[in-house]
Structure formats: C-alpha cells, structure tokens
Amino acid sequence: MIAGLYIDGQSALHRAAAGAKILAMVALGTGVFLIPDWPVVAFVLATVLLLYPASGFGPRIMWAQIKPILWLLMIFFAVQLWLNDWQAGMLVVTRIAAIVMFASLVTLTTKTSDLLASLERAMQPLRPIGVNPEKVSLAISMVLRFIPVISTVASEIRDAQRARGLDRSIVAMVVPLIIRTLKMADDVADAIDARSFD
C-alpha cells in the first residue's frame, strides 16, 4: 500500500467532482489555521477520519496515510511543548493531521488526471498574466507522484539507520533524506531538459 494513490470505489466522495474536492481541501486547509482552539480542530480531524470508512477505506489504509509523517508530528509537538505548552503542540499536530488526512482522502478518491484537468481549467483565466496552466499542472503532478516516493525513501533510510543503532538520531534521518531527495530532483530536471519541455 502506497499512501495517497487513487483506489477505485463507488462512494459519494468517489463520485464527487474533482473541482469540488479541491475547493473543499482549500477551505479545510484555510479553516483549520483560523481556528485557535485545538479541541475544535480535533473535532474537524475526527470528522475527516469518519469519511474514510464512509468512502470504503479501512484502518489499514488510514494508517498508511498518517504513518509517514508521524515522526514529523512528534517533532512539531516537541518543539511547541518546549516553546509554548502542550495545548499549542496539540493545535499544531491536529491541524497538520487534519490537512494531510483530508488531502490523502482526496487523492485516494480522485484520479490524478481528473485533479490536474480541474486545476488546468481553473487556471486558464490566469494565462493572460503569464501563468502557464500546463506547467503548473506538471509541477503539481510531480509533487503528487513524489510524495509516496519520498515516503518510501524515508522508510528505507529509517530501517537502515535502525540497523546501525541510529534510529533516535534526527540528523542521521534527515540528512540522507535531503540528499536523496535533491538527487531525485536533479534526475527529474535532467529528464525534463532532455525532452526539451518548455
């Protein structure tokens, strides 16, 4: 199971228009950052989690979406606990978890081609001011594709560092991940240049 990839289904969320789901994702992402109380954001997160079984996804798929960022959530919580208090930590963690889980649900219930087509149509009015919808669509499609790839790389690095007894070292995890991510970015850039994409 790779997090965030489309899974065929017949739920109401599967049948909903891609554009509507993108707008809902933007609204939720904006809304949770306007809410100052973590219990309210936690309620939003709980509502998002309830949409998973309603869309035909079980606990295994839900876990696959949140597992790759658990270590980041722990770091964010620890930083807020150090700088502020545990409530601030809960607010940050629940905000990020709600956004990630809803974004994952959108990608699980929407074909990438439908998402990109909706984005291209929405950006057409911006073409006169210099925005290239095709280039933006390509960039977004690459981001969507690389999220699970980077997640897999992070898991491989974590397993390797655990075998070396370095699983508690953040530096031993982050530095190789950054290096491998930049290397992949260079390879993709070279591939695009070789195909003379403009």
Side-chain angles (χ1 to χ4, degrees), residues 1-119 121-123 136-137 139-141 143-152 154-155 170:
M1 169 60 60
I2 298 176
L5 295 182
Y6 175 74
I7 298 176
D8 194 28
Q10 299 299 322
S11 70
L13 202 55
H14 279 88
R15 298 192 301 270
K21 285 185 273 191
I22 292 172
L23 288 176
M25 187 164 57
V26 171
L28 182 139
T30 304
V32 294
F33 279 97
L34 296 177
I35 299 172
D37 302 314
W38 78 262
V40 180
V41 181
F43 177 78
V44 174
L45 173 59
T47 303
V48 170
L49 295 179
L50 288 175
L51 291 175
Y52 276 80
S55 301
F57 304 128
R60 187 172 65 91
I61 293 177
M62 292 172 63
W63 173 245
Q65 312 314 307
I66 198 68
K67 181 182 176 182
I69 66 161
L70 277 179
W71 62 280
L72 277 176
L73 295 179
M74 290 187 289
I75 291 172
F76 290 146
F77 182 81
V79 169
Q80 289 299 319
L81 186 62
W82 180 50
L83 295 176
N84 297 296
D85 52 32
W86 69 269
Q87 288 103 329
M90 288 298 297
L91 181 60
V92 170
V93 167
T94 51
R95 279 172 172 169
I96 295 173
I99 293 169
V100 169
M101 292 304 288
F102 190 73
S104 296
L105 186 60
V106 169
T107 59
L108 286 167
T109 58
T110 315
K111 293 178 180 178
T112 303
S113 58
D114 294 339
L115 281 173
L116 297 179
S118 294
L119 288 171
R121 286 195 298 271
M123 289 184 291
V136 176
S137 176
I140 292 172
S141 68
V143 169
L144 292 175
R145 181 64 191 95
F146 270 92
I147 287 173
V149 172
I150 292 173
S151 172
T152 302
S155 296
I170 295 175

Can you list, pair by pair, the side-chain donor-acceptor contacts under 3.5 Å of residues 68-80, counting residues two or more places apart and other chains?
residue, atom, partner, partner atom, Å
Trp71, NE1, Pro68, O, 3.0
Gln80, OE1, Asn84, ND2, 2.8

If you measure from [atom1] on [X] to [atom2] on [Y], what distance do you get to the nearest 0.5 Å?
{"X": "Leu23", "Y": "Leu28", "atom1": "CG", "atom2": "CG", "result": "12.5 Å"}
{"X": "Leu108", "Y": "His14", "atom1": "CG", "atom2": "NE2", "result": "7.5 Å"}
{"X": "Thr109", "Y": "Gln10", "atom1": "OG1", "atom2": "CD", "result": "12.5 Å"}

Would you be so kind as to tabulate the donor-acceptor pairs closer than 3.5 Å made by side chains of residues 32-55, with sequence neighbours excluded?
residue, atom, partner, partner atom, Å
Thr47, OG1, Phe43, O, 2.9
Tyr52, OH, Met101, O, 2.6
Tyr52, OH, Leu105, N, 3.4
Ser55, OG, Leu51, O, 2.8

Exercise. Considering residues at least two apart in sequence or located in another chain, which fulfil the side chain to side chain donor-acceptor pair (under 3.5 Å) criterion with Thr110?
Worked result: Lys21

Exercise. So, for Gln65 and Ile61, which heavy atoms are closest and what is the spacing to 0.1 Å?
Worked result: NE2-O, 2.9 Å

Exercise. Which heavy atom of Ala18 sits nearest a heavy atom of Ser118, and at what distance?
Worked result: CB-OG, 3.4 Å

